[in-house]
Structures are given as structure tokens and as C-alpha cells.
2 protein chains.
Amino acid sequence: MQTQTLSEENYLKVIYHLDKDGLKKITPTAISEALNNNPASVVDMIKKLVDKKLVQYEKSKGVKLTDKGRNIAILIVRKHRLWEVFLLEKLGYEWDEIHDIAEQLEHIQNSELADRLERFLGFPQYDPHGDPIPKANGEQAISYKTLLAEIAPGKSCKVVAVKDTSSSFLQYLKKLDIGIGTKITVLDKIPFDNSMSIAFGKTESTTVSKIFAENLLVHE
Amino acid sequence: MQTQTLSEENYLKVIYHLDKDGLKKITPTAISEALNNNPASVVDMIKKLVDKKLVQYEKSKGVKLTDKGRNIAILIVRKHRLWEVFLLEKLGYEWDEIHDIAEQLEHIQNSELADRLERFLGFPQYDPHGDPIPKANGEQAISYKTLLAEIAPGKSCKVVAVKDTSSSFLQYLKKLDIGIGTKITVLDKIPFDNSMSIAFGKTESTTVSKIFAENLLVHE
DNA sequence: CTTAAAAATTAGGCAAGACTAATAAATTAT
DNA sequence: ATAATTTATTAGTCTTGCCTAATTTTTAAG
Ligand SMILES: [Mn+2]
Ligand SMILES: [Mn+2]
Ligand SMILES: [Mn+2]
Ligand SMILES: [Mn+2]
């Protein structure tokens with residue numbers, strides 16, 4: 001079992017994430033957008049990954065991870081999310097500071113590292129953004145997350161994750177004082193622009209945009 | 001303050017370590033031996049580091065770190081040793097397993113990381129191999145270490161570090177059940193080959209070679 | 001001082017990963 | 001079905017870091 005380069009690992013992870021539903025095809029362009037690089041570079045790398053039997057590629061059917069490729073991707077995601085828990089809970093970083101560091105830590109290579117880290121952290125199920133942490137055997141905890149946008153007026157819900165993980169969004173949330181676990185009550189939905197008026201914590205009522213509501217994942 | 005590549009960081013660290021006493025000159029050959037690469041590669045890199053003002057180089061006077069270069073090197077060493085403490089104390093790795101992982105972790109970039117890690121670990125002074133952990137301001141704890149080889153028969157001492165950190169040596173120590181903190185009494189020194197007979201723990205007497213005694217650092 | 005040995009440097013290459021510009025293929029719209 | 005547009009692919013470069021094989025310089029010996 002040879003080891004992957006940092007770049008190969010990042011490609012595998014991106015392909016894995018793009019494969020969410022397994023429905024829509026994963027094209028070089030989609031990968032290049034996710035990695036913020038050039039489609040030509042992606043085509044080069046796809047060839048390498050095919051040679052290493054980490055992905056399959058049929059033109060006009062897109063890229064598919066092989067079992068081997070998927071297992072590697074899942075391990076990277078597992079490490080990423082475990083390190084995020086570590087950074088937040090043990091080192092006291094904020095919600096919006098941990099992702100970039102985990103992006104580096106996820107590539108640390110050692111066969112026992114993820115398992116030891118997981119035990120040390122007390123087998124967390126979710127990362128600080130509410131995403132499930134894959135188990136050692138690759139199993140995924142199911143996450144029944146809904147968009148805030150889909151909650152009906154009058155109902156309450158609890159924040160479990162963010163969809164957009166950009167630091168501009170995370171910082172906006174921090175400013176509002178909304179985090180994982182915050183209980184939100186939907187007061188009203190404005191049909192004109194699909195903005196929402198909500199209540200949470202000490203805030204009796206504030207209005208958030210459609211875009212906002214479509215990027216906050218909650219659990220009823 | 002731009003950031004260094006992984007390779008540049010490794011060069012700076014090696015140069016820093018070769019500079020122990022500040023006496024003997026640091027040549028391309030010495031660096032290439034430490035990094036296990038080719039002198040020609042070292043000459044290339046020295047040019048880059050000179051351009052970035054991280055080292056000075058005068059032929060036949062060798063390489064010297066600039067203040068900027070030294071500060072970077074010290075931070076890498078600081079991170080390396082802090083991560084080693086983490087791996088041993090928090091994740092339960094063994095003495096001889098941590099160095100290679102720390103070799104990767106030392107390159108994780110985040111301005112607050114070393115300080116947060118240090119606080120989390122309770123401001124350790126020494127790493128698991130007995131080497132001092134540089135402080136945030138770059139200060140070094142002094143370590144008064146002596147070679148076991150220099151301890152006179154009849155005297156006792158305490159293991160504080162290893163000089164050779166190869167895993168063959170560390171594993172030999174583990175097999176003998178000698179670790180940081182082990183109290184050793186020197187029973188006899190054999191002039192013929194400078195081997196030593198020593199007592200420690202439940203071992204009443206065993207003989208170790210000159211090479212062994214010159215790689216174990218102790219404190220009287 | 002002259003020569004032999006060791007060390008440093010240069011020149012020329014290679015592989016990984018990325019880019020740009022040009023071309024070919026596949027989609028979508030008319 | 002054909003044209004227009006969007007995607008994918010190729011060809012050719014570039015940078016980083018490394019290598020080997022000369023060549024030059026420095027150091028050590030005789
Ligand atoms: Mn993340
Ligand atoms: Mn990454
Ligand atoms: Mn170490
Ligand atoms: Mn390193």
C-alpha cells in the first residue's frame with residue numbers, strides 16, 4: 001500500500017465530496033472549480049489517479065472513485081474532522097479558525113494516528129461544523145440535517161452544521177452569536193425574497209436572507 | 001513575512017542543529033549528509049536561502065543562519081518537540097514512534113499553534129527524549145547533559161536524553177527497559193574496549209558497549 | 001612548493017504539478 | 001440537423017527540488 005502525495009490526497013478528497021449523492025457526474029471542470037485550479041491540470045492528475053487505480057474515468061461519464069480511492073478519501077475526511085474537534089475542544093480555537101489548520105493536519109501520515117486521536121477525543125460523532133466523523137471501518141454516522149430555509153414558521157430547530165464553510169459566513173454567525181447547538185425559532189417567512197425572521201438566544205427577532213437560510217443546517 | 005516551503009524549513013532546521021556549538025563551519029557536504037541528499041542539491045538550496053536572507057554564505061567559511069533564519073528554525077524545533085510531548089503523553093505513542101510523526105507535524109503552519117499547544121500540554125520544559133523545548137521568545141532551557149560514557153564507576157545518574165535517535169537504538173533501549181528518568185549506576189569501565197557494566201531497575205548488572213554509552217545522555 | 005585527495009560548483013536532466021494557448025469533442029440551442 | 005457554445009484534451013512552458021557527471025577550487029600531504 002504505497003502512500004499518496006499531498007496533491008493526490010486533495011484530489012481524492014474533492015472527488016469524494018463532489019460525489020455526495022452519487023448522482024451527478026464528476027467532471028474535470030467541477031474538480032478544477034473545487035480546487036481552484038485549471039481543468040488542464042485536473043486532466044493530468046486524473047491520468048495519474050487512473051494509473052494508480054484510485055479512480056475510474058470514462059469520458060462523458062465522469063470520474064468515479066474506486067473502492068481503494070474512496071477508502072483513502074474517507075480516511076482523510078476522518079482525520080480532518082477529528083483534528084477539527086481537537087483544535088476546538090483541546091486548543092480552544094474558534095469555529096472559523098480550525099478548518100484551514102485541519103486542511104494541513106489531515107495529511108499527516110501514521111497508521112494509528114486517526115484511531116488514537118479518536119480515542120483521546122472520546123469518540124466524537126460529529127465535527128464542530130456538525131458533519132459526521134467517519135468511523136475507523138469507514139462507516140458514516142447518518143446526519144439528518146435540514147436547511148433552515150425549509151423550516152416552517154412557528155417551528156423551532158437546533159443548529160447542527162453549516163453548508164458554506166467560508167470564513168465570511170462563519171464570522172457572520174459568530175457576530176450574530178449563532179453556533180452549533182443554538183436553538184432557532186422561525187417566526188416568519190417573507191415570500192417576496194424568501195428571507196426569514198427568526199429568534200434565538202437573547203435575540204427576539206432578526207431577519208436573515210434566503211442565502212443565509214440555505215446555508216445553515218439544522219435539526220428539527 | 002512570507003512562508004517557507006517544507007524543504008526550506010527542513011534545511012533551516014538541519015543547519016540550526018549542525019550549528020550546535022557555533023564553532024565548526026557548516027559545509028554543503030555536512031548538510032547533504034544530514035539530509036541524505038546530494039551536495040549539488042544543497043548548493044542550489046543555499047542560493048535560494050541566501051536570496052531570501054535566511055542564511056549567509058561565504059565560501060570556505062560555510063553557512064550561517066541569519067537572525068530571521070534562526071528564528072524560523074527555532075520555531076520548527078519548538079513545534080517538533082511540543083508535538084512529541086503531545087504524541088507521547090496524550091495519544092500514548094511510545095518513545096521511538098513519535099519522532100517521525102513530529103517530523104511531519106512540525107511543518108503545520110498557524111501563528112498561534114505552538115503557543116496553544118504549549119499551554120494545553122502544561123508548558124513542558126523537555127521533550128520525551130530529554131531535549132529542551134524552546135520558549136515562545138526563542139529562549140532555550142539549559143540542559144546539563146553528560147554522556148553516560150563520562151560517568152565514573154561507582155557514580156549514579158539519571159537518563160535525560162538520547163543522542164542517537166535512530167529507531168534501532170530506541171528499540172534497544174525499550175528492550176532493556178531504559179527510558180527517560182531511569183536511574184543508572186555505573187559499576188565498572190573496561191579499559192580494553194571502553195565498554196561499561198551498569199545496573200538499573202531490576203537489572204543487577206549488564207554490559208553495554210562504548211557506542212551505547214556515547215549515545216545515552218544522563219544527568220548526574 | 002607541488003601533487004594528490006576531498007569538497008564545491010556548474011551544467012544538463014528529470015519528475016511532479018501547475019499554467020496558457022490551441023485544438024478537438026461533446027452539449028445545447030436554433 | 002446544424003451551428004453555437006461549453007468542455008475536455010493536448011502541446012508546450014515553468015518552477016521546485018532533486019540527481020549525475022563533469023569541472024574547478026580548496027585543503028592536505030609529501
Ligand atoms: Mn473542515
Ligand atoms: Mn488538504
Ligand atoms: Mn524528534
Ligand atoms: Mn521536517
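Side chains are part of it too, since the values below use all heavy atoms of this structure and drop only hydrogens, waters and symmetry mates. Values in this document were obtained by computation on a predicted structure and should not be read as measured data. Here is the naming used below: chain letters follow the sequence lines, and residue numbers restart at 1 for every chain.
- The distance between atom CD of A:Glu8 and atom P of C:dA16, rounded to the nearest whole Å, is 9 Å.
- Comparing B:Asn37 and B:Lys25, the nucleotide of DNA chain D nearest to each residue sits closer to the 5' end for B:Asn37.
- Going from atom NZ of A:Lys52 over to atom C1' of C:dA16 covers 11 Å, rounded to whole Å.
- Distance NZ (B:Lys61) to P (D:dT27): 12 Å, rounded to an integer number of Å.
- Put simply, CD on B:Glu58 is 18 Å from P on D:dT25, counting in whole angstrom units.
- Atom-to-atom, CE of B:Met45 to P of C:dT9 comes out at 15 Å; the value is rounded to the nearest Å.
- Salt bridge absent: A:Lys64 and A:Glu58 never bring a charged side-chain N and a carboxylate O closer than 4.0 Å.
- Distance, A:Ile31 CD1 to C:dG17 C1': 15 Å, rounded to whole Å.
- Look at A:Thr5 and you'll find a side-chain N or O under 4.0 angstrom from OP1 or OP2 of C:dG17.
- Between the side chain of A:Arg116 and the backbone N or O of B:Leu91, at least one donor-acceptor pair lies under 3.5 Å.
- Checking side-chain atoms of A:Thr66 against main-chain N and O of A:Leu54 turns up a donor-acceptor pair under 3.5 Å.
- Listed nucleotides C:dA26, C:dA18, D:dT9 differ in distance to A:Ser60; the shortest reach to its side chain belongs to C:dA26.
- Separation of the A:Phe86 and B:Phe86 ring centroids falls under the 6.0 Å cut-off.
- For B:Asn38 and C:dT9, the CG to P distance is 13 Å, given to the nearest whole Å.
- B:Glu118 is linked by a side-chain hydrogen bond (donor to acceptor under 3.5 Å, both in side chains) to B:Arg78, counting only residues two or more places apart in sequence or in another chain.
- Distances shorter than 4.0 Å separate none of the side-chain N or O atoms of B:Lys47 from OP1 or OP2 on D:dT16.
- In this structure, A:Ser41 reaches the bases: a heavy-atom distance under 4.0 Å links it to at least one base atom across the strands shown.
- Atom-to-atom, NZ of B:Lys48 to C1' of D:dT15 comes out at 9 Å; the value is rounded to the nearest Å.
- Nearer to the 5' terminus of DNA chain C, by closest-nucleotide assignment, is the contact made by A:Asn36 (compared with the other of A:Lys59 and A:Asn36).
- For B:Tyr11, no side-chain nitrogen or oxygen approaches OP1 or OP2 of D:dT16 to under 4.0 Å.
- One N or O donor and one acceptor, one from the side chain of B:Asp44 and one from the base of D:dC18, sit under 3.5 Å apart.
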